[in-house]
Amino acid sequence: MTATRVLVLNSGSSSVKYQLLDMRDSSRLAVGLVERIGEETSRLKHTPLTGGGEERELNEPIADHEAALKAVSAELTADGLGLDSPDLAAIGHRVVHGGLKFTAPTVVTDEVLAEIQRLVPVAPLHNPANITGIRTAQALRPDLPQVAVFDTAFHTTMPESAARYAIDVATADEHRVRRYGFHGTSHAYVSRETAKLLGKAPEDVNVIVLHLGNGASASAVRGGRCVETSMGLTPLEGLVMGTRSGDVDPAVVFHLARVGGMSVDEVDTLLNKKSGLVGLCGDNDMREIRRRVDEGDEAASLAFDIYIHRLKKYIGAYYAVLGRVDAVAFTAGVGENAAPVREAAVAGLEELGLAVDGELNAVRSDEARLISPEYARVAVAVVPTDEELEIAQQTYALVARFGDPS
Ligand code: ADP
């Protein structure tokens with residue numbers, strides 16, 4: 001294939017993140033972000049990564065996604081990387097919810113868009129923005145393949161025993177209530193990179209991936225296939241996150257409605273936006289929480305302990321699900337950077353073959369690395385995630401296959 005570039009778009013309700021990659025060597029040609037779309041204070045930050053260009057900022061109102069993509073296109077054109085270039089092979093879109101239908105990256109057609117639209121009730125915050133992003137990109141380059149890469153796809157291999165909630169089957173099916181999982185591109189990428197780090201094929205390793213960002217999820221990956229993950233119907237279930245509660249007794253919702261007089265939307269906001277670390281101690285940045293812990297702040301210490309307790313429960317549960325674990329991999333903002341979280345999460349798990357070497361754990365690096373001591377039966381790894389690269393690779397692999405006449 002002569003066209004080797006892929007534009008990756010991650011469209012949120014008021015933002016668009018983008019990266020332009022050259023798939024010959026997976027290098028980045030430009031990266032950027034449009035924020036606060038539709039507001040007076042919109043901002044475009046663009047960084048060309050070839051030709052020695054400098055980061056540029058555009059501070060002017062950007063009315064909608066179409067205007068945002070046009071502004072991005074103008075910035076890329078100024079760097080000689082215009083979207084009209086014949087070198088552009090495809091545009092890869094992050095789509096949050098692919099339901100059960102989309103088990104792999106998919107070239108967008110009208111039917112595909114209609115199906116992503118049908119999933120809006122289970123992803124009301126994300127899928128509409130993803131659809132807008134795709135439509136806008138289609139209008140800009142109607143001739144180009146647009147590929148949807150789904151956050152849920154990697155988790156569609158979960159067995160029914162893990163994916164089903166134990167609720168009335170007819171009701172669940174009618175409303176598509178089941179566990180879908182999210183962060184799939186990250187779990188896929190990190191589990192594969194972990195196998196690489198161990199010098200093994202993904203088929204030969206069982207990995208527990210801990211994606212700890214502002215949103216956080218764990219997954220159990222057996223031989224390259226996901227068998228369990230901690231997020232469910234929505235990204236609310238599972239680990240303690242920056243602003244989300246993770247697991248709570250569902251009756252908490254009824255209680256807050258009946259006794260607390262809160263509406264469904266109020267409880268939704270409480271559990272998604274005002275809970276987790278921020279609800280427990282007022283901060284959701286792990287750096288700030290650790291600083292406060294070191295100063296002896298009680299609320300921050302309790303928040304940290306609750307965060308770690310939940311994480312440890314999931315490590316234990318996924319160990320049992322997998323039976324044999326070759327590696328535990330930490331990734332995303334907290335997982336890649338917060339040594340105290342990694343240390344505390346596996347502390348006391350020596351009987352399970354898990355341990356962290358203090359010196360290795362303290363090293364700061366952008367590289368995938370092992371932090372367990374030589375003698376440990378289970379590898380503990382820090383593996384930086386790269387969701388954009390994964391989306392670009394999946395997109396390019398798909399269009400390369402399509403473009404191959406054999
Ligand atoms: P998301 O993509 O979910 O927004 P990220 O994966 O970028 O999140 O993670 C962001 C979080 O990572 C921050 O909220 C902060 O808690 C944590 N983080 C980032 N850098 C560090 C660091 N040096 N030490 C500890 N935590 C960090």
Side-chain angles (χ1 to χ4, degrees), residues 8-19 31-36 45 94 96 123 125-126 129-130 149 151 181-190 193 209-219 229-231 234-246 272-295 297 299-301 303-308 310-311 329-345 356 361-369 371 382-391:
V8 175
L9 287 182
N10 182 350
S11 307
S13 55
S14 67
S15 71
V16 176
K17 287 187 206 146
Y18 63 94
Q19 293 197 0
V31 302
L33 164 71
V34 188
E35 293 174 290
R36 298 191 287 275
K45 241 193 201 167
R94 175 189 183 212
V96 167
L125 294 180
H126 296 103
N130 301 154
V149 179
D151 258 25
F182 299 89
H183 292 144
T185 48
S186 177
H187 287 284
Y189 178 83
V190 170
E193 289 298 307
V209 178
L210 304 170
H211 176 111
L212 311 177
N214 204 15
S217 64
S219 69
T229 195
S230 60
M231 285 177 167
T234 77
L236 183 56
E237 192 179 345
L239 301 174
V240 175
M241 313 185 203
T243 66
R244 296 188 195 119
S245 62
N272 274 297
K273 304 243 168 80
K274 299 181 180 170
S275 296
L277 293 169
V278 95
L280 289 166
C281 74
D283 271 311
N284 62 345
D285 192 312
M286 192 52 82
R287 284 164 286 204
E288 186 57 17
I289 291 171
R290 282 307 309 175
R291 195 189 58 71
R292 286 172 56 187
V293 170
D294 291 341
E295 282 176 355
D297 182 303
S301 296
F304 185 79
D305 290 349
I306 294 170
Y307 184 94
I308 296 297
R310 184 82 52 86
L311 198 50
F330 287 88
T331 194
V334 175
E336 291 167 29
N337 296 298
V341 168
R342 299 191 296 253
E343 185 188 337
V356 156
N361 191 31
V363 173
R364 300 196 61 84
S365 159
D366 294 336
E367 303 285 316
R369 58 202 185 271
I371 57 168
V382 180
V383 179
T385 193
D386 195 335
E387 288 164 281
E388 289 77 15
L389 177 60
E390 179 71 18
I391 291 171

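As the structure lists them, so they are numbered: ligands from 1, and atoms in each ligand from 1. Owing to the predicted nature of the structure, the values given are computational and were not obtained by experimental measurement.
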K.L.:
Is any side-chain heavy atom of Val293 closer than 4.5 Å to a side-chain heavy atom of Asp297?
P.N.:
no

K.L.:
Hey, does Thr185 have a side-chain heavy atom less than 4.5 Å from the side chain of Val149?
P.N.:
yes

K.L.:
Could you tell me whether the side chain of Asn10 reaches within less than 4.5 Å of the side chain of Glu387, counting heavy atoms only?
P.N.:
no

K.L.:
Taking side chain as C-beta onward, heavy atoms only, is Lys273 less than 4.5 Å from Val278?
P.N.:
no

K.L.:
Looking at Glu35, I want to see if its CD is surrounded by more than 12 non-hydrogen atoms of other residues, nucleotides or ligands under 6.0 Å.
P.N.:
yes

K.L.:
Any chance CD of Glu295 has more than 12 other-residue heavy atoms, nucleotides or ligands included, within less than 6.0 Å?
P.N.:
yes

K.L.:
At a heavy-atom distance under 4.0 Å, which protein residues reach ligand 1? Sort them by chain and number, would you?
P.N.:
Gly213, Asn214, Gly215, Asn284, Asp285, Met286, Arg287, Ala332, Gly333, Val334, Asn337, Ala338, Arg364

